[in-house]
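Step one of this worksheet: look at the structure below.
In what follows, every heavy atom counts, from backbone to side chain, and hydrogens, waters and symmetry copies are set aside.
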Amino acid sequence: MNTLLWVGLPYACLGAFIVGLIWRWRSDQFGWTSRSSQWHENAILRWASPLFHIGIIFVFFGHVAGMLVPASWTQAAGVSEHAYHLGATVGGALAGLAVLIGLVGLLIRRFVTKTVRLATTRGDLVMYVFLAVPIVCGCAATFLHQVLDEGYDYRATVGPWIRSILSFTPRPELMADVPLAFKIHVVAGLLLFAVLPATRLVHIVSAPITYPTRPAIVYRSREAASASHDGLAASRGNARGYHKAWRPVRKQSHQSDSVPYQGA
């Protein structure tokens with residue numbers, strides 16, 4: 001059982017993550033998006049979304065620093081063990097609280113606001129379950145062992161275990177005496193990575209490199225668009241103002257541009 005959980009499961013989830021991303025990219029690039037629902041409701045989203053996303057960024061980099069950076073490296077940089085755990089506990093608790101409050105706000109918005117609820121798919125429900133469990137378990141582990149208790153040195157067990165998995169030299173024995181809350185948090189996080197490519201969370205692996213330079217998306221009403229087309233047509237002496245690539249498809253060959261266009 002120990003080998004299955006701490007060797008088989010990590011590699012299975014890692015394989016599902018990589019294969020899933022490749023499959024999603026090859027089969028569903030159009031759906032590679034977070035599917036924003038801002039136009040359905042913006043009051044709650046305005047504070048819940050930034051709180052969740054900023055918090056999750058700090059949580060992610062906190063996990064990277066805690067799991068992938070050995071304790072010997074931070075000590076060599078002059079950071080004592082006490083200072084590290086104090087900073088990790090305070091910073092991790094604040095970031096986790098921000099993520100939890102933001103997630104609660106997003107869930108309330110999704111299930112209380114009718115238009116957002118109607119736009120919610122079954123895949124979204126599954127995604128929220130897989131997302132909420134590791135977040136709640138992580139907050140519980142931090143509160144129970146790092147705040148209320150004297151603290152648990154996960155960098156001596158969980159950190160080396162993760163590094164052994166990534167270096168393909170697994171050491172499952174390191175996880176034997178890890179507190180249950182941390183074990184559940186790790187398993188829930190692995191399962192989240194496994195299902196991530198099939199959910200809207202896939203957008204987190206997209207780097208927004210072209211966002212600052214891409215052209216703005218302009219939304220106009222049909223009336224405004226029609227007036228703009230008419231003005232363009234008048235300046236060109238053409239009865240129709242739209243580009244040829246956007247000409248309406250006519251089902252009857254005898255119809256011509258003289259027939260009034262009824263937009264979709």
Side-chain angles (χ1 to χ4, degrees), residues 6-39 45 48-69 91-92 95-96 98-107 109-110 116 119-139 158-159 161-168 170 184-217:
W6 311 121
V7 179
L9 181 63
Y11 286 121
C13 293
L14 183 62
F17 176 72
I18 296 174
V19 174
L21 287 180
I22 297 173
W23 163 80
R24 184 73 180 268
W25 179 256
R26 292 175 61 90
S27 63
D28 187 29
Q29 289 189 32
F30 185 77
W32 194 292
T33 173
S34 62
R35 297 204 337 266
S36 173
S37 57
Q38 183 177 0
W39 54 21
L45 187 68
S49 181
L51 198 61
F52 174 82
H53 285 88
I54 294 173
I56 206 71
I57 290 173
F58 279 99
V59 167
F60 173 77
F61 284 107
H63 279 66
V64 170
M67 299 296 103
L68 300 185
V69 178
V99 172
L100 192 61
I101 295 175
L103 179 63
V104 170
L106 293 175
L107 289 174
R109 170 183 178 272
R110 184 156 295 275
V116 183
T120 302
T121 65
R122 289 175 181 163
D124 294 335
L125 299 178
V126 173
M127 179 270 294
Y128 275 113
V129 171
F130 277 92
L131 181 63
V133 172
I135 291 175
V136 172
C137 291
C139 290
V158 183
W161 168 76
I162 289 180
R163 294 196 295 272
S164 74
I165 292 296
L166 296 178
S167 62
F168 297 99
I184 297 175
H185 176 58
V186 170
V187 171
L190 291 173
L191 295 176
L192 175 62
F193 270 94
V195 303
L196 186 147
T199 68
R200 66 168 62 189
L201 293 177
V202 71
H203 73 278
I204 69 175
V205 299
S206 300
I209 298 175
T210 60
Y211 280 15
T213 58
R214 72 177 185 178
I217 301 175

Practice item. Could you go through the side chain to side chain contact (heavy atoms under 4.5 Å, CB included) check for L45 and L106 one step at a time? Key: CA-CA 7 Å; L45 187 68; L106 293 175; 3.8 Å; yes
Practice item. Test side chain to side chain contact (heavy atoms under 4.5 Å, CB included) on V202 and D28 and set out the steps. Key: CA-CA 11 Å; V202 71; D28 187 29; over 6 Å; no
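Ring pair W25/W32 is perpendicular by interplanar angle, where above 60° counts as perpendicular and below 30° as parallel. Note: W161 and W6 have perpendicular aromatic rings, judged against thresholds of 30 and 60 degrees for the angle between ring planes.
Closest of all the heavy-atom pairs between S164 and Y11 is O-OH, 4.1 Å. Smallest separation of non-hydrogen atoms from V116 and R110: CG1-CA, 3.6 Å. The two residues T199 and R24 have their closest heavy-atom pair at O-NH1, 3.1 Å. Smallest separation of non-hydrogen atoms from V59 and G96: CG2-N, 4.1 Å. Closest of all the heavy-atom pairs between G20 and P197 is C-CB, 3.3 Å. Among all heavy-atom pairs drawn from P170 and I165, the shortest one is CB-CD1, 3.8 Å.
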Atom pairs and distances, side-chain donor-acceptor, residues 129-136, under 3.5 Å, sequence neighbours left out:
none

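With rounding to the nearest 0.5 angstrom, the CG atom of L100 is 10.5 Å from the CD1 atom of I56. A distance of 11.5 Å separates CZ of F61 from CG of L68, quoted to the nearest 0.5 Å. For the atom pair H63 NE2 and I162 CD1, the distance stands at 8.0 Å (nearest 0.5 Å). Considering OG of S49 and CD1 of I54, their distance stands at 9.0 Å, rounded to 0.5 Å.
Looking at residues two or more places apart in sequence or on another chain, you find no ring pair (Phe, Tyr, Trp, His ring centres under 6.0 Å) involving F52.
Looking at L103 and Y128, their side chains come closer than 4.5 Å, going by heavy atoms from C-beta outward. Here the side chains of F17 and L196 are in contact, with some heavy-atom distance below 4.5 Å. Counting heavy atoms from C-beta on, the side chains of M67 and V158 come closer than 4.5 Å.
Here the side chain of S27 pairs a donor or acceptor atom with the backbone of W23 at under 3.5 angstrom.
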